[in-house]
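Proteins come first, then strands; the chains are lettered A, B, ... in the order of their sequence lines, and each starts at number 1.
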There are 2 protein chains.
Amino acid sequence: MTTVLIADDQPLQRFGFRMLLESQDDMTVVGEAADGAEATRMTAQLRPDVVLMDVRMPGLDGIAATRRIVADGGPSRVLILTTFDLDEYAYSGLRAGASGFLVKDAQPEELLSGIRAVATGDAVVAPSLTRRLLDAYVHHLPATAEPAGSADSPDPRLSPLTERETEILRVMGQGWTNTEIAERFHLAESTVKTHVGRILAKTGSRDRVQAVILAYETKLVG
Amino acid sequence: MTTVLIADDQPLQRFGFRMLLESQDDMTVVGEAADGAEATRMTAQLRPDVVLMDVRMPGLDGIAATRRIVADGGPSRVLILTTFDLDEYAYSGLRAGASGFLVKDAQPEELLSGIRAVATGDAVVAPSLTRRLLDAYVHHLPATAEPAGSADSPDPRLSPLTERETEILRVMGQGWTNTEIAERFHLAESTVKTHVGRILAKTGSRDRVQAVILAYETKLVG
DNA sequence: GCCACCGTAGTACCCGGGTACGACACCCCT
DNA sequence: AGGGGTGTCGTACCCGGGTACTACGGTGGC
């Protein structure tokens with residue numbers, strides 16, 4: 001019997017997962033968590049075989065929660081679910097130690113077989129992600145010879161967005177103002193401005209409008 | 001018995017909805033659609049009491065599908081579900097003739113009572129939206145006495161964008177500033193501001209960021 | 001132990017965006 | 001001859017967004 005913990009901030013989504021999993025006679029849902037903090041806590045306590053983790057959750061997000069769970073060294077493996085097949089998520093998710101990565105628009109059968117694969121120690125990645133994941137990986141290889149210059153050319157444009165920045169860019173793409181972001185993320189507005197400023201610098205955007213456009217073009221939102 | 005058609009492009013989401021609804025003894029799911037076209041077709045054929053409609057779907061989106069369903073004059077009422085409580089969706093959804101509007105992070109109980117309300121002819125709007133919706137509405141009223149009045153109240157938000165406005169919204173969606181738009185269109189900046197202001201009013205957008213988002217969602221750009 | 005990076009927060013400043021007005025010319029329709 | 005819709009332009013005002021700094025605690029790598 002495979003024990004599963006569901007971590008998702010949307011009650012309806014949790015309900016759907018629970019019903020699907022409980023309909024299988026080799027799986028059982030041992031708990032539900034609504035945010036990352038709760039997920040780590042319940043994982044430590046319940047030690048499920050698999051944690052079904054949504055990336056986007058209030059407070060501690062799925063990636064950070066995965067990092068902690070893996071760091072705890074328990075037996076639980078993490079299968080991350082995303083709504084959008086975004087490269088950054090896949091990359092940071094796998095770096096965080098997740099055993100799998102699926103998009104939410106998968107068929108129920110794919111999800112079930114994914115859970116079984118992860119439970120037995122295998123890794124699973126959504127087919128739509130595999131290609132780009134590989135591309136992104138080889139892209140970061142030494143390539144045998146950098147232009148020789150400085151060991152690390154610190155062009156801020158080339159460094160990827162951090163998790164926090166990606167998170168904020170996403171809600172910028174939903175039309176949130178700095179004030180709203182500050183409120184709903186429990187941050188000072190000055191902090192939000194700092195993040196937004198760095199996002200603009202890194203993405204080469206002139207203002208938040210162009211950043212939002214970028215978010216749409218790269219399928220971060222939309 | 002309330003008959004429901006589920007229109008959502010995500011199989012897992014449909015599964016969750018189906019399980020939730022079927023657990024109620026006064027509801028039954030008569031069909032599932034994965035896009036807007038399928039939703040309109042199945043609605044015409046099955047004539048469900050309520051169509052549970054996701055806004056964002058490939059091809060014909062939920063708003064457009066709602067418009068067609070309402071235009072068809074059948075008995076079905078549409079309850080729209082969104083992931084994010086964006087004003088644009090609410091406005092265009094209600095303009096399209098939807099009977100209700102809920103966000104997906106609602107409690108299951110809220111969704112069920114919402115379906116029952118819509119089925120009996122009532123309207124339902126997510127609490128988080130009601131406030132802003134009312135604010136935006138009363139803001140444009142004559143403030144004296146409106147209701148009972150003219151058969152066609154010329155609410156500016158109900159009229160479509162003019163050609164010029166559409167043209168300008170498109171370049172707004174490419175990240176142009178007001179100054180740039182004025183230069184390249186050979187207009188005064190004040191004129192551009194006038195157009196932008198009217199675009200915001202008509203689309204129910206708070207600022208140009210939300211207008212750009214709308215442009216992307218409606219495939220005006222992107 | 002040190003250093004780089006990240007996330008947090010603050011202050012001060014400037015400017016573009018948005019609002020609230022009013023105004024005029026053109027076109028099309030009745 | 002009027003009237004509604006559209007496109008144009010203007011002024012005045014306020015505020016949120018963006019910039020330019022500085023700063024500090026935590027964490028992870030070397």
- Query: Could you give the angle between the helix axes at the two ends of the helix from C:dG1-D:dC30 to C:dT30-D:dA1, with five pairs per end, rounded to 10 degrees?
  - Reply: 50°

What are the two closest heavy atoms between [X] and [Y], and how far apart are they?
{"X": "B:Gly175", "Y": "A:Gln210", "value": "O-NE2, 3.6 Å"}
{"X": "A:Leu81", "Y": "A:Asp54", "value": "O-OD1, 3.3 Å"}
{"X": "A:Lys193", "Y": "A:Asn178", "value": "CG-ND2, 3.9 Å"}
{"X": "A:Met172", "Y": "A:Ile199", "value": "SD-CD1, 4.2 Å"}
{"X": "A:Val118", "Y": "A:Arg77", "value": "O-CD, 2.9 Å"}
{"X": "A:Gly31", "Y": "A:Leu46", "value": "CA-CD1, 4.4 Å"}

- side-chain contact (heavy atoms from CB on, under 4.5 Å) against A:Ala7, all qualifying residues, sequence neighbours excluded: A:Ala33, A:Ala39, A:Met53, A:Met57

- Note on the structure: Those residues at least two apart in sequence (or on a different chain) that pass side-chain contact (heavy atoms from CB on, under 4.5 Å) with B:Arg170 are B:Thr166, B:Gln174, B:Leu220, B:Val221

Using whole Å, report how far [atom1] of [X] lies from [atom2] of [N].
{"X": "B:Asp207", "N": "D:dG17", "atom1": "CG", "atom2": "P", "result": "7 Å"}
{"X": "B:Arg164", "N": "C:dA25", "atom1": "CZ", "atom2": "P", "result": "19 Å"}
{"X": "A:Arg198", "N": "D:dC21", "atom1": "CZ", "atom2": "C1'", "result": "13 Å"}
{"X": "B:Glu180", "N": "C:dG16", "atom1": "CD", "atom2": "P", "result": "11 Å"}
{"X": "B:Gln210", "N": "D:dG16", "atom1": "CD", "atom2": "P", "result": "15 Å"}
{"X": "B:Arg206", "N": "D:dC14", "atom1": "CZ", "atom2": "C1'", "result": "17 Å"}
{"X": "B:Arg208", "N": "C:dG16", "atom1": "CZ", "atom2": "C1'", "result": "9 Å"}
{"X": "A:Asn178", "N": "D:dG18", "atom1": "CG", "atom2": "P", "result": "6 Å"}

- Closest listed nucleotide, where the reference is the side chain of A:Leu200 and the choices are D:dG17, C:dG7, D:dG18: D:dG18

Distance in Å, [X] [atom1] paired with [Y] [atom2], rounded so as to fall on 0.5 Å steps:
{"X": "B:Arg68", "Y": "B:Thr40", "atom1": "CZ", "atom2": "OG1", "value": "6.0 Å"}
{"X": "B:Thr179", "Y": "B:Leu187", "atom1": "OG1", "atom2": "CG", "value": "12.5 Å"}
{"X": "A:Ile181", "Y": "A:Leu169", "atom1": "CD1", "atom2": "CG", "value": "9.5 Å"}
{"X": "A:Leu79", "Y": "A:Leu52", "atom1": "CG", "atom2": "CG", "value": "5.5 Å"}
{"X": "B:Thr177", "Y": "B:Arg208", "atom1": "OG1", "atom2": "CZ", "value": "7.0 Å"}
{"X": "A:Thr2", "Y": "A:Leu21", "atom1": "OG1", "atom2": "CG", "value": "9.0 Å"}

- Query: Quick one, which residues of residues 187-195 of chain A touch DNA chain D with a heavy atom under 4.0 Å?
  - Reply: A:Lys193

- Task: Give me the residues of residues 168-176 of chain B where at least one heavy atom lies under 4.0 Å from an atom of DNA chain D, by number, or none.
- Result: none

Restricting both atoms to N or O, compile the protein contacts to nucleotides 25-29 of chain D shorter than 3.5 Å, with distance only.
none

